[in-house]
Amino acid sequence: MASQDEKSIFVEICESPIVDARGPLDLDNDDCGSGEMQFVNEKCAIFACLSLDESVDASSVVASGLLQLQHRGQESSGLVTCDNSAKDGDFQVVKGMGLVANIFSPENLGSLKGNICVGHNRYSTSGGKNQTGMQPLVVNTLFGKFALAHNGEIVNQRILMQRILQHGVGLTSQTDSEVIMQMLCSPPPPPHSEHLHGIDWVARIKAFMLLTDTSYSLALMIKDTIYAIRDPYGNRPLCIGKLPDDRAFVLSSESSAFSTVGAEHVRDIRPGEIVKISKDGIESCLLIERPGNRNMNGTLVSRLNSGVPERHDSIDERGTREKAAMCVFEYIYFSRPDSYINGDMLYNFRKRCGRRLFAESHIECDIVSSVPESATPAALGYAEASKIPFEQVLNKNRYVGRSFIKPSTVSRTDTVLRKFGPLTEVVKGKRIVLCDDSIVRGTTMKPIIQLLRGAGAKAVHVRVASPPVKHPCYMGINIPTSNELLASTRSNEEICKVIGADSVEYLSHEGLMQCVSEGYGGHKDDFGTCGACFTGKYPVELEW
């Protein structure tokens, strides 16, 4: 077991000012968003660690990583360790409702044993808000226990749930994560014979992946091994890191969490990839292709001993490959700007969006600003391209509750007015370009514009660093129904009147895709994004 000094690493981080790269994080009131994007919530965060050195305490590393991923889920947090000195491995669990810093402590972390740990932060989009949805999930099987952490939302949950129930298996919740766990409990179909050769986890994972194509990134902990899995479309992010001298391997939803625990980013898990992390290192086991690219076995690659597998097949001879579908909102907002996705630092991506936004919709103004803080990189890019100075026009009160949870538009507007204060001397008499990530309902942007006009702004021109959100998401993002979305049936001119701006312009979908492609540094077969909330074109057929 690690010393108390080593356990105190997490406590020191908790007691220090926590600064999310998207803006300071207020742990007291769960306020992690900015502007209109508070209406859009990501599902979850995964962080896991396999320690190969006694000086690295796995549970403290995971708790520290989860703290840095707090923006991805604030409903509940948990971690599971495995003490492999005990017979068959002893799984120990710490979970609770609320924020990371309020759940983990020197006492409960100090009681944990084991060099392997998987953790999870949750924001529910499936199964509701209750303790039964807390992760990681742990189940006991004929071959021993395993733990599962899941980010995403599988699109055919109801069909798979019915299949499980028809086999006489009961479920304790309505979460898709429990459905995934039960599917992994099932033995793989022939020709695999676990009775003769023992449990084959890769075969089980493959069988599950062939039944549901998206959306999931998974961390599966089995005694002394972690399996990292990404769906064939790569809809949710997942990446691998390591500590110096290979003292530990870590797994995270975002690379930005690695630096806090002293790890370096090794690479992203590829879409459809199953990676085994063990004392022997990082092993890429299998790639499951997207449905339009599959052969009869569902995969185009055999198991490999090491490295990143390449795909070799006759798909290119048959025509265009089906593209990946990485959630584009990970680029736009969800992931921190110091995170890397497919080799592109998101701060740079968001500045490119701002520059492109100016090229598409420039207008005469005196200053450029943003709704604090996540839209700031885009505003800086707009300012650089326009040669117009960037100025902060709003001061944010970080001790006001999140506006989207208020039950009525009236109370939500009141919260916005208490959250932001205009910098009057900066605003007075100025024509302002105000940048934001997105406009969802419009109920945040409207009172902000009223604040700026009340402070003497001569004009407020809204510029949005993404296309209009017109459609719901069914793959792990809590986007409202279409009739709640401001842009679903309105033109830019109509939106302008609703929110009270002098003009409103969005980044075009073509411009957004250009910004993604310009910084892309991933594998050539893995390029592709899902922008269904903009276009209504989903990567898979929705089965409900």
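Everything quoted here is computed from the prediction, not taken from an experiment.
- Separating the CG atom in L251 from the SG atom in C239 is a distance of 7.5 Å, to the nearest 0.5 Å.
- Formation of a donor-acceptor pair under 3.5 Å by the R230 side chain with backbone atoms of R236 is found in this model.
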Yes or no on side chain to side chain donor-acceptor pair (under 3.5 Å) for S508 and E360, after CA distance, side-chain angles and deciding distance?
CA-CA 8 Å; S508 68; E360 292 182 357; 2.7 Å; yes
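- A distance-only check finds no donor-acceptor pair linking the side chain of E384 to the backbone of G381 [under 3.5 Å].
- Judged purely by atom type and a 3.5 angstrom limit, Q514 has no side-chain atom pairing as donor or acceptor with the backbone of G511.
- The two residues L69 and S253 have their closest heavy-atom pair at CD1-N, 4.3 Å.
- Of all non-hydrogen atoms in R72 and A45, the two that sit nearest each other are CB-CB, 3.8 Å.
- Partners of S488 according to the side chain to side chain donor-acceptor pair (under 3.5 Å) rule, which considers only residues two or more places apart in sequence or in another chain, do not exist here.
- The closest side-chain donor-acceptor pair between S77 and N121 falls under 3.5 angstrom.
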Could you please spell out the steps behind the side chain to side chain contact (heavy atoms under 4.5 Å, CB included) verdict for R267 and S284?
CA-CA 12 Å; R267 67 176 179 89; S284 187; 4.1 Å; yes
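- Contact annotation: the side chain of S252 never approaches that of I46 to less than 4.5 Å [non-hydrogen atoms, C-beta and beyond].
- Across V393, V460, L423, V427, a single residue satisfies side chain to side chain contact (heavy atoms under 4.5 Å, CB included) together with S369, and that is V393.
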Start with the C-alpha distance between D245 and R247, add both sets of side-chain angles, then the distance that settles salt bridge (Lys or Arg N to Asp or Glu O under 4.0 Å), and finish with yes or no.
CA-CA 5 Å; D245 301 321; R247 293 183 299 132; 5.1 Å; no
Residues S217, I269; criterion side chain to side chain contact (heavy atoms under 4.5 Å, CB included); working and verdict:
CA-CA 9 Å; S217 284; I269 305 292; over 6 Å; no
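- Between E322 and Y233, the side chains place a donor N or O and an acceptor N or O closer than 3.5 Å (distance only, hydrogens not considered).
- Applying the ring-ring contact (aromatic ring centres under 6.0 Å, His included) rule to F249 yields no partners; only residues at least two apart in sequence or on another chain are considered.
- With ring centers used as reference points, F329 lies under 6.0 Å from F534.
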Given F104 and L67, is the side chain to side chain contact (heavy atoms under 4.5 Å, CB included) satisfied, shown in steps?
CA-CA 10 Å; F104 305 119; L67 189 66; over 6 Å; no
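- At least one donor-acceptor pair closer than 3.5 Å links the side chain of S255 to the backbone N or O of Y340.
- Side-chain contact between I341 and S335: present, with at least one pair of heavy atoms (C-beta onward) separated by less than 4.5 Å.
- Counting only distance, with no hydrogens or angles, the side chain of E391 and the backbone of V426 share no donor-acceptor pair below 3.5 Å.
- Using a 4.5 Å cut-off on side-chain heavy atoms (C-beta onward), L507 and S466 make no contact.
- Taking all atoms of both residues into account, the shortest heavy-atom contact from S374 to D437 is OG-OD2, 2.7 Å.
- Remark: the S256 side chain and the Q68 side chain contain no N/O donor-acceptor pair separated by less than 3.5 Å.
- Residue E494 holds its CD atom at 9.5 Å from CG of L486, rounded to the nearest 0.5 Å.
- No side-chain heavy atom of V118 sits less than 4.5 Å from a side-chain heavy atom of V62.
- Side chains of E273 and D268 form no contact here, defined as non-hydrogen atoms less than 4.5 Å apart.
- More than 12 heavy-atom neighbours from other residues, nucleotides or ligands sit within 6.0 angstrom of CZ on F349.
- Under the 3.5 Å distance criterion, the side-chain polar atoms of D526 are left unmatched by any main-chain donor or acceptor of R270.
- A heavy-atom distance below 4.5 Å is not found between the side chains of V371 and K396.
- The backbone N or O of E373 lies less than 3.5 Å from a partner atom in the side chain of T376, making a donor-acceptor pair.
- Of the possible polar contacts, one joining the R350 side chain to the Y331 backbone as a donor-acceptor pair under 3.5 Å is found.
- Residues that satisfy the salt bridge (Lys or Arg N to Asp or Glu O under 4.0 Å) test with R490, not counting sequence neighbours, are absent from this structure.
- Heavy-atom minimum distance, L243 versus A263: CD1-CB, 3.6 Å.
- A distance of 7.0 Å separates CG of L434 from CD1 of I448, quoted to the nearest 0.5 Å.
- Checked for salt-bridge contact, R122 and E75 meet the test: a charged N lies under 4.0 Å from a carboxylate O.
- With values rounded to the nearest 0.5 angstrom, L394 atom CG is found 7.0 Å from L451 atom CG.
- D344 has a carboxylate O that lies under 4.0 Å from a charged side-chain N of R352, or vice versa, which qualifies the two as a salt bridge.
- Rounded to the nearest 0.5 Å, atoms CG (L79) and OG (S60) are 9.0 Å apart.
- For the residue pair H265 / E254, no side-chain donor-acceptor distance below 3.5 Å is found, with atom types taken as modelled.
- Residues forming a salt bridge (Lys or Arg N to Asp or Glu O under 4.0 Å) with R431 (at least two apart in sequence, or on another chain): D366.
- Put simply, the side chain of V250 does not reach to within 4.5 Å of the side chain of I240, judged on heavy atoms.
- At a threshold of 4.0 Å, the pair R290-D231 does not count as salt-bridged, since none of the basic side-chain nitrogens sits closer than that to a carboxylate oxygen.
- Of the possible polar contacts, one joining the H120 side chain to the H150 backbone as a donor-acceptor pair under 3.5 Å is found.
- Looking at I499 and I439, their side chains come closer than 4.5 Å, going by heavy atoms from C-beta outward.
- Judged by distance alone, the side chains of R463 and S503 do bring a donor and an acceptor atom under 3.5 Å apart.
- Across all non-hydrogen atoms, the minimal contact from C49 to A248 is SG-CB, 4.2 Å.
- In this structure, S361 contributes its side chain and L357 its backbone to a donor-acceptor pair below 3.5 Å.
- Side-chain contact annotation: S177 with Q135, donor-acceptor N/O pair under 3.5 Å present.
- Considering only residues two or more places apart in sequence or on other chains, Y538 meets the ring-ring contact (aromatic ring centres under 6.0 Å, His included) condition with Y474.
- Y520 contributes atom OH, which lies 13.0 Å from atom CE of M513 (distance to the nearest 0.5 angstrom).
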Evaluation steps, side chain to side chain contact (heavy atoms under 4.5 Å, CB included), between Y382 and V433
CA-CA 9 Å; Y382 191 103; V433 164; 3.9 Å; yes
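- Residues passing the ring-ring contact (aromatic ring centres under 6.0 Å, His included) test with H509, sequence neighbours excluded: none.
- Contact check on K497 versus E493 returns no salt bridge, with no Lys/Arg side-chain nitrogen under 4.0 Å from an Asp/Glu carboxylate oxygen.
- Contact record, Y347 with P377: CD1-CG, 3.7 Å, taken as the closest heavy-atom pair.
- Look at E330 and R336 and you find no salt bridge, because none of the NZ, NE, NH1 or NH2 atoms lies under 4.0 Å from a carboxylate O.
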